[in-house]
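For clarity, every value in this text was computed on a predicted model and none was experimentally measured.
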Amino acid sequence: MRFLVNVCSGTAREAAASVAEVATAAGHRLRIRPATAEDLDLVNHFHLRDCSAASRAARYHAGRDRIRASEWRHLTQPDNGYTLLVSTDDQDRLVGLAHLLWQESAPPEVAILIADDWQEVGVGTAVARWLAGLAAAHGHRVQQAYIPPGNVRALRLARHFGAIVDRLG
């Protein structure tokens, strides 16, 4: 995994600041890169075009179709953690959005949104593996996830990677 090589040769922040290439178990090649403030339109387009209302509700625990500019500025500030964009060969077409956010007096929060057409093919697992490695590089062996009880796939994924799950609802 390229991430481990980068962490060994530099800091976790340097590793996360570069574009990582990972593969799913099915062989899909993914690129994971840090999000910037300039990516807000791309991310909101991803929400509307590639993620159903049900997928967005499962991720945000509410009906949302976009991220507000003030929220995006917060999410892309390095002191708050990492917000990462996941794509395939086409960098302008996202297949996922992931967050590893620092919390006061708690493990970092992990959250993932995968495009509907890319669910159930290992993208979430590959992204979760990357986030777990990134958290470990910062000294966090455990992450925390806030998941509604009905989101069986997210619960299964979080448990697979040893996340503390706070059930909502």
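In plain terms, the two heavy atoms of Q143 and H140 that are nearest each other are NE2-O, 3.8 Å. Looking at every heavy atom in both residues, A158 comes nearest to A145 through CB-CB, 4.4 Å. Shown here for P149 and L155, the closest heavy-atom pair between the two residues is O-CD1, 3.3 Å. Residue T88 comes nearest to R31 through the heavy atom pair O-NH1, 3.6 Å, listed as atom of the first residue, atom of the second, then distance. Listed here is the closest heavy atom pair of P108 and A135: CG-CB, 4.4 Å. Nearest approach of Y146 to Q103, heavy atoms of both residues: OH-OE1, 3.0 Å.
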Q: Walk me through it: do V110 and L101 pass the test side-chain contact (heavy atoms from CB on, under 4.5 Å)?
A: CA-CA 7 Å; V110 61; L101 302 173; over 6 Å; no
Q: Show the numbers, then the answer: is there a side-chain contact (heavy atoms from CB on, under 4.5 Å) between R153 and R156?
A: CA-CA 5 Å; R153 290 183 301 194; R156 185 177 59 229; 3.5 Å; yes
Q: For the pair T125 and L157, evaluate side-chain contact (heavy atoms from CB on, under 4.5 Å) and give the outcome as yes or no after the intermediate values.
A: CA-CA 7 Å; T125 301; L157 184 63; 3.6 Å; yes
Q) Between H47 and L97, does a side-chain contact (heavy atoms from CB on, under 4.5 Å) hold up when you go through it step by step? A) CA-CA 9 Å; H47 279 77; L97 172 66; 3.7 Å; yes
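Put simply, the side chain of E109 does not reach to within 4.5 Å of the side chain of L100, judged on heavy atoms. Between R66 and W72, every side-chain heavy-atom pair lies at or beyond the 4.5 Å cut-off. Side-chain contact between T24 and L30 is present, with heavy atoms from C-beta onward closer than 4.5 Å. At least one side-chain heavy atom of H99 sits under 4.5 Å from a side-chain heavy atom of L75. Annotation: side chain of I32 is in contact with side chain of V22 (closest heavy-atom distance under 4.5 Å). L42 places a side-chain heavy atom less than 4.5 Å from the side chain of L85. Under the 4.5 Å side-chain criterion, counting only non-hydrogen atoms from C-beta, I67 is in contact with V43.
Hydrophobic clustering of Ile, Leu, Val, Met, Phe, Trp and Tyr side chains at less than 4.5 Å, counting indirect connections, keeps I164 apart from L131.
Pairs engaging residues 43-52 under the salt bridge (Lys or Arg N to Asp or Glu O under 4.0 Å) rule: D50-R93 [sequence neighbours left out].
In this structure, W102 and Y82 have perpendicular ring planes: the angle between them is above 60°, well past the 30° mark.
With D39 contributing its side chain and T36 its backbone, the two residues share a donor-acceptor pair below 3.5 Å. Of the possible polar contacts, one joining the Q119 side chain to the I114 backbone as a donor-acceptor pair under 3.5 Å is found.
Taking the charged nitrogens against the carboxylate oxygens, R64 and E71 do have a contact shorter than 4.0 Å, which makes a salt bridge. Between R56 and D116, none of the side-chain N atoms (NZ, or NE/NH1/NH2) sits under 4.0 Å from a carboxylate O, so this pair counts as no salt bridge.
For the atom pair OG of S55 and CH2 of W118, the computed distance is 15.0 Å after rounding to the nearest 0.5 Å.
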